[in-house]
Amino acid sequence: MENIMKQYDLTGKVALVTGASYGIGFAIAKGLASAGATIVFNDRREELVEKGIEAYKEEGIKAYGYVCDVTDEDAVEELVAKVEKEVGIIDILVNNAGIIKRIPMCEMKASEFREVIDIDLNGPFIMSKAVIPSMIKKGHGKIINICSMMSELGRETVSAYAAAKGGLKMLTKNIASEFGEHNIQCNGIGPGYIATPQTAPLREKQADGSRHPFDSFIIAKTPAARWGEPEDLAGPAVFLASDASNFVNGHILYVDGGILAYIGKQP
């Protein structure tokens, strides 16, 4: 048997990570780059793409950034054609771009609900069907959908997000079912609560030195007793993008510190 670590080598692979100019997508892209992949990313605004390219440069990574809205089918087709021409056939697609709107359901407008569904569910559908034909021709491909614990659980104020991420879980399984015979593996990563700049206010110490109430709630619900770091998602992403996972298909890997396995402490 060959050295097992060779299976994780992504040298020569082109990885497109959507919405990866910062945050979780950026951390995943860094992980893929460290395994040898060439990184391509997109964002909806030019200034975010430029900031992303600079951030990758600071990490010593040459990344290719493009402006593209993942909900625009024509723009996505143009993006994929451009990447194939300028960088190469996309071997790995990470559907990371997403939004959340925390609004009580009865106060949420249908237009707001649709916006979340459009980006978080329609976007991965549009991106995936754009890259699959070339993956079929090449005889291999990896699609990783960034799902959520809300693919399994509900919570107050996130009806649209939970609906989208639940749908993304099933889209993941369906892509695996439909294209597995073409040696395409489609799996998902379901992050737990991750320490990012966006969640920083929820982790700030209170005036009396105590934890923020939501911070305490998360720590109590997580067997690991901590928030995840963006880097905690890099290893799982490399695994699902590599030959080490060639017989793993339609699976959602929850990287949540054990939250989904835990009923919580007795009051």
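Values below: every heavy atom of this structure, side chains too, minus hydrogens, waters and symmetry copies. Computed from a predicted structure; not experimentally measured.
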State yes or no: do [X] and [Y] share one hydrophobic cluster built from I, L, V, M, F, W and Y residues joined by side-chain heavy-atom distances below 4.5 Å, directly or via other members?
X: Val80; Y: Ile89; value: no
X: Leu153; Y: Ile252; value: yes
X: Leu79; Y: Val40; value: yes
X: Tyr254; Y: Ile28; value: no
X: Val14; Y: Ile39; value: no

**Request:** Go through Asp232 and Arg226 one step at a time and tell me if the salt bridge (Lys or Arg N to Asp or Glu O under 4.0 Å) criterion holds.
**Result:** CA-CA 12 Å; Asp232 287 323; Arg226 68 174 178 88; 3.0 Å; yes
**Message:** Under 6.0 Å between ring centres: does that hold for Phe214 and Tyr193?
**Reply:** yes
Can you tell me how far the [atom1] atom of [X] sits from the [atom2] atom of [Y], to the nearest 0.5 Å?
X: Phe179; Y: Cys186; atom1: CZ; atom2: SG; result: 10.0 Å
X: Asn246; Y: Asp243; atom1: CG; atom2: CG; result: 4.5 Å
X: Leu10; Y: Ile92; atom1: CG; atom2: CD1; result: 4.5 Å
X: Asn249; Y: Ser177; atom1: CG; atom2: OG; result: 7.5 Å
X: Met135; Y: His182; atom1: CE; atom2: NE2; result: 13.0 Å
X: Ser216; Y: Arg203; atom1: OG; atom2: CZ; result: 13.0 Å

Donor-acceptor pair, side chain of [X] and main chain of [Y], under 3.5 angstrom:
X: Lys165; Y: Ile146; result: yes
X: Asn145; Y: Gly188; result: no
X: Ser21; Y: Asp43; result: no
X: Ser151; Y: Cys147; result: no
X: Thr157; Y: Arg102; result: no
X: Asp256; Y: Leu260; result: yes
X: Arg114; Y: Lys109; result: no
X: Asn187; Y: His251; result: yes
X: Ser242; Y: Ala244; result: yes
X: Thr199; Y: Ile194; result: yes

salt_bridge([X], [Y]) N-O dist < 4.0 Å:
X: Asp91; Y: Lys142; answer: no
X: Lys30; Y: Glu59; answer: yes
X: Glu152; Y: Lys169; answer: yes
X: Asp120; Y: Lys101; answer: no

**With sequence neighbours excluded, residues passing salt bridge (Lys or Arg N to Asp or Glu O under 4.0 Å) with Glu73** = Lys129
**From CA spacing to verdict: side chain to side chain contact (heavy atoms under 4.5 Å, CB included), Ile53, Phe41** = CA-CA 9 Å; Ile53 289 173; Phe41 73 98; 3.8 Å; yes
For [X] versus [Y], what's the shortest heavy-atom pair and its separation?
X: Lys221; Y: Ile259; result: O-CG1, 3.6 Å
X: Ser245; Y: Ala241; result: OG-N, 4.3 Å
X: Tyr262; Y: Ala220; result: CE2-O, 3.4 Å
X: Pro191; Y: Leu233; result: CB-CD2, 4.0 Å
X: Ile143; Y: Ser128; result: CG2-OG, 3.8 Å
X: Gly65; Y: Val49; result: C-CG1, 3.6 Å

**Request:** Just do the side-chain hydrogen bond (donor to acceptor under 3.5 Å, both in side chains) check on Thr18 and Asn42 with the steps written out, would you?
**Result:** CA-CA 5 Å; Thr18 66; Asn42 78 293; 4.6 Å; no
**Prompt:** Do Lys62's NZ or CZ and the ring of Tyr64 fall within the cation-pi criteria of under 6.0 Å and 45°?
**Reply:** yes
**Request:** Could you please spell out the steps behind the side chain to side chain contact (heavy atoms under 4.5 Å, CB included) verdict for Val87 and Thr38?
**Result:** CA-CA 8 Å; Val87 187; Thr38 298; 3.9 Å; yes
Do other residues, nucleotides or ligands put more than 12 heavy atoms under 6.0 Å from [X] [atom1]?
X: Lys205; atom1: NZ; answer: yes
X: Arg45; atom1: CZ; answer: no
X: Arg44; atom1: CZ; answer: no
X: Phe239; atom1: CZ; answer: yes

**Request:** Dump the intermediate steps for side-chain hydrogen bond (donor to acceptor under 3.5 Å, both in side chains) on Ser134 and Glu84, then the final yes or no.
**Result:** CA-CA 9 Å; Ser134 290; Glu84 290 185 353; 2.6 Å; yes
**Request:** Identify, with sequence neighbours excluded, every residue that meets side chain to side chain contact (heavy atoms under 4.5 Å, CB included) alongside Thr71.
**Result:** Asp69, Asp118, Ile119
**Request:** Could you walk me through whether Ile189 and Leu240 pass the side chain to side chain contact (heavy atoms under 4.5 Å, CB included) test, one step at a time?
**Result:** CA-CA 9 Å; Ile189 291 176; Leu240 292 177; 3.7 Å; yes
[Y] side chain reached by [X] side chain, heavy atoms, under 4.5 Å:
X: Leu202; Y: Asp215; answer: no
X: Asp74; Y: Val76; answer: no
X: Leu121; Y: Val116; answer: no
X: Gln185; Y: His140; answer: yes

**Message:** Under the side chain to side chain donor-acceptor pair (under 3.5 Å) definition, can you give me all pairs with a residue in residues 48-57, not counting sequence neighbours?
**Reply:** none
**Request:** Can you spot which of Glu78, Glu46, Lys82, Glu86 makes a side chain to side chain donor-acceptor pair (under 3.5 Å) with Tyr66?
**Result:** Glu86
**Request:** Give the C-alpha distance, both sets of side-chain angles, the deciding distance and a yes or no for side-chain hydrogen bond (donor to acceptor under 3.5 Å, both in side chains) between Glu181 and Asn183.
**Result:** CA-CA 5 Å; Glu181 65 179 315; Asn183 197 25; over 6 Å; no
**Request:** List the steps and the verdict of side chain to side chain contact (heavy atoms under 4.5 Å, CB included) for Leu32 and Val94.
**Result:** CA-CA 10 Å; Leu32 298 177; Val94 182; 4.1 Å; yes
